[in-house]
Visitor: 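Right, I'll just put the structure down here and ask away after.
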There are 2 protein chains.
Amino acid sequence: MAKKQQEKSRQTMQELMDSAFFLFGSKGFVQTSVAEITEHAGYAKGSFYRHWNSKDELFLLIVEQKFRHYRAERNGRVDRATSLEEVMNIIWDFLESILDDENWSSIFLEFTVYSARNDVLRQRMNKSGYRLSNAIFADLVRDHIVTDYPPEKIGALNTALFEGFLIHRALGTRLLSVKDVRDSAIAMALGLGTRQG
Amino acid sequence: MAKKQQEKSRQTMQELMDSAFFLFGSKGFVQTSVAEITEHAGYAKGSFYRHWNSKDELFLLIVEQKFRHYRAERNGRVDRATSLEEVMNIIWDFLESILDDENWSSIFLEFTVYSARNDVLRQRMNKSGYRLSNAIFADLVRDHIVTDYPPEKIGALNTALFEGFLIHRALGTRLLSVKDVRDSAIAMALGLGTRQG
DNA sequence: ACGAAAAATGACCGTAGGTCATTTTCTGAC
DNA sequence: GTCAGAAAATGACCTACGGTCATTTTTCGT
């Protein structure tokens with residue numbers, strides 16, 4: 001069998017990934033160098049590129065993994081919701097689980113804005129599991145919207161408020177609490193998606 | 001007189017600044033190198049550092065200048081406003097003048113998030129004329145708020161929505177129009193600051 | 001024990017921000 | 001007009017980083 005070699009390679013890859021996860025999480029994307037990642041895991045810099053083509057690529061994998069993890073906690077609950085307010089609360093429980101990861105949420109922000117400056121990367125970023133998805137949001141809330149305001153737009157506005165809050169926090173302004181933003185976002189969604197008495 | 005030398009120095013500085021302004025505006029902050037700035041103006045790289053201590057420093061000066069320019073158009077109008085809605089509309093006319101500068105608004109975003117990763121820079125960024133100020137916002141709207149919701153928080157939420165929209169646009173998502181965001185932001189402020197019938 | 005294949009290495013490249021000793025230009029005094 | 005000191009301008013150099021790749025080391029079936 002040549003399995004042992006493959007196993008070793010897989011293990012090295014995992015060690016590098018763990019190292020990257022740790023370093024990205026403590027110092028951010030730009031501040032963490034490839035050499036640091038490999039050194040911290042006990043390898044030489046060149047080894048990195050046997051496993052990924054770029055620092056961007058590894059970071060995207062980690063983001064994808066993180067998002068999968070956050071989402072796992074959300075699934076199922078939405079189906080049982082009976083009102084827009086309930087759905088929004090479930091969505092914000094999910095968003096709060098991201099915000100609880102204080103370091104990582106600011107690193108998502110760093111990478112998101114970084115990716116916007118690179119055509120190829122931006123397109124990847126927009127596509128799949130790397131960001132809050134307006135399409136998914138729309139699916140979650142659609143059934144509970146009684147106005148003709150497009151659900152995707154409500155999702156995009158919700159995301160804007162969420163990501164704007166990430167900037168607010170990243171700059172160290174402590175004026176707004178998570179609850180302030182959550183309440184405002186939910187009120188905004190209800191204002192757009194339901195008819196107010 | 002030694003005035004001619006000073007004059008020449010001032011002129012060189014202005015040429016470098018113009019060059020930087022042009023290049024930052026077309027390629028962004030990180031993508032524009034100091035060597036490019038000086039070369040485009042017809043000087044050698046070393047000359048840059050006779051005038052500023054770092055690329056950051058020159059960029060901050062340019063941002064300050066831009067904001068002064070935007071603000072100049074706003075002053076005066078607010079005094080004559082008689083309702084929160086009027087004030088919010090004036091504020092959003094101002095914000096739209098920033099958004100009209102499509103390249104620059106995304107470059108502000110780039111630099112804002114970049115600065116968040118650097119303690120010293122972040123503190124400068126928070127202080128003066130480099131960002132939308134929650135304190136100024138609060139002063140503008142305070143007289144028209146009849147609830148006990150803190151005006152600063154309304155300002156911070158408004159800024160969050162505004163900056164979240166910058167991210168939305170920077171990523172090329174064209175789901176939201178400026179008007180969508182403006183309307184939502186104003187509705188949000190009215191919801192928090194006035195008593196609804 | 002050996003040879004091929006896989007894994008790991010680190011010197012090297014280009015680019016970038018920033019430094020500084022040296023050169024060039026300017027200016028006022030004579 | 002000349003010359004010395006000062007200011008302006010220069011570009012080689014430093015360090016750091018992402019990325020490449022020829023070479024070395026390790027692994028493993030025969």
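Throughout, protein chains are lettered first and strands after them, A, B, ... in sequence-line order, and every chain is numbered starting at 1.
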Visitor: Ion pair present between B:Glu15 and B:Arg10, side-chain N to carboxylate O less than 4.0 angstrom?
Guide: no
Visitor: List the residues meeting side-chain contact (heavy atoms from CB on, under 4.5 Å) with B:Asp18, not counting sequence neighbours, and say none if there are none.
Guide: B:Gln14
Visitor: Where each residue is assigned the nucleotide of DNA chain D containing its nearest heavy atom, which of A:Gly46 and B:Gly46 is assigned the position nearer the 5′ end?
Guide: B:Gly46
Visitor: Using OP1 and OP2 only, check whether a side-chain N or O of B:Thr12 sits under 4.0 Å from D:dA9.
Guide: yes
Visitor: Quick one: side-chain contact (heavy atoms from CB on, under 4.5 Å) partners of A:Phe21, sequence neighbours excluded?
Guide: A:Ile62, A:Lys66, A:Trp104
Visitor: Which residues satisfy the ring-ring contact (aromatic ring centres under 6.0 Å, His included) test with A:Phe22, sequence neighbours excluded?
Guide: A:His40
Visitor: Separation of A:Arg10 atom CZ from C:dA7 atom P, in whole Å?
Guide: 13 Å
Visitor: Using a strict heavy-atom distance below 4.0 Å, which residues from residues 27-45 of chain B are in contact with DNA chain D?
Guide: B:Tyr43, B:Ala44
Visitor: Which residues pass the side-chain contact (heavy atoms from CB on, under 4.5 Å) test with A:Asp93, sequence neighbours left out?
Guide: A:Arg77, A:Arg182
Visitor: Over how many whole Å does the gap from B:Met13 atom CE to D:dA9 atom P extend?
Guide: 12 Å
Visitor: Expressed as a whole number of angstroms, how long is the span from B:Tyr49:OH to C:dA16:P?
Guide: 12 Å
Visitor: What is the distance, rounded to the nearest whole Å, between atom CZ of A:Phe48 and atom C1' of D:dT20?
Guide: 14 Å
Visitor: For B:Trp52, enumerate each residue passing the ring-ring contact (aromatic ring centres under 6.0 Å, His included) test, keeping only those at least two apart in sequence or located in another chain.
Guide: B:Phe48
Visitor: In chain order, what residues pass the side-chain contact (heavy atoms from CB on, under 4.5 Å) check against A:Val178, with sequence neighbours excluded?
Guide: A:Glu96, A:Leu99, A:Phe165, A:Arg169
Visitor: For B:Gly25, does its backbone N or O pair with a side-chain atom of B:Asn103 as donor and acceptor, under 3.5 Å?
Guide: yes
Visitor: Give the residues of residues 50-58 of chain B touching DNA chain C, defined as any heavy atom closer than 4.0 Å, sorted by residue number.
Guide: B:Ser54, B:Lys55
Visitor: Who pairs with B:Asp180 by salt bridge (Lys or Arg N to Asp or Glu O under 4.0 Å), at least two apart in sequence or on another chain?
Guide: A:Lys153
Visitor: Checking A:Phe59 now: which residues fulfil ring-ring contact (aromatic ring centres under 6.0 Å, His included) with it, not counting sequence neighbours?
Guide: A:Phe24, A:Phe29, A:Phe111
Visitor: Under 4.0 Å, heavy atom to any atom of DNA chain C: which of residues 14-25 of chain A qualify?
Guide: none
Visitor: Going by salt bridge (Lys or Arg N to Asp or Glu O under 4.0 Å), name the residues that satisfy it together with B:Lys45, two or more places apart in sequence or in a different chain.
Guide: none
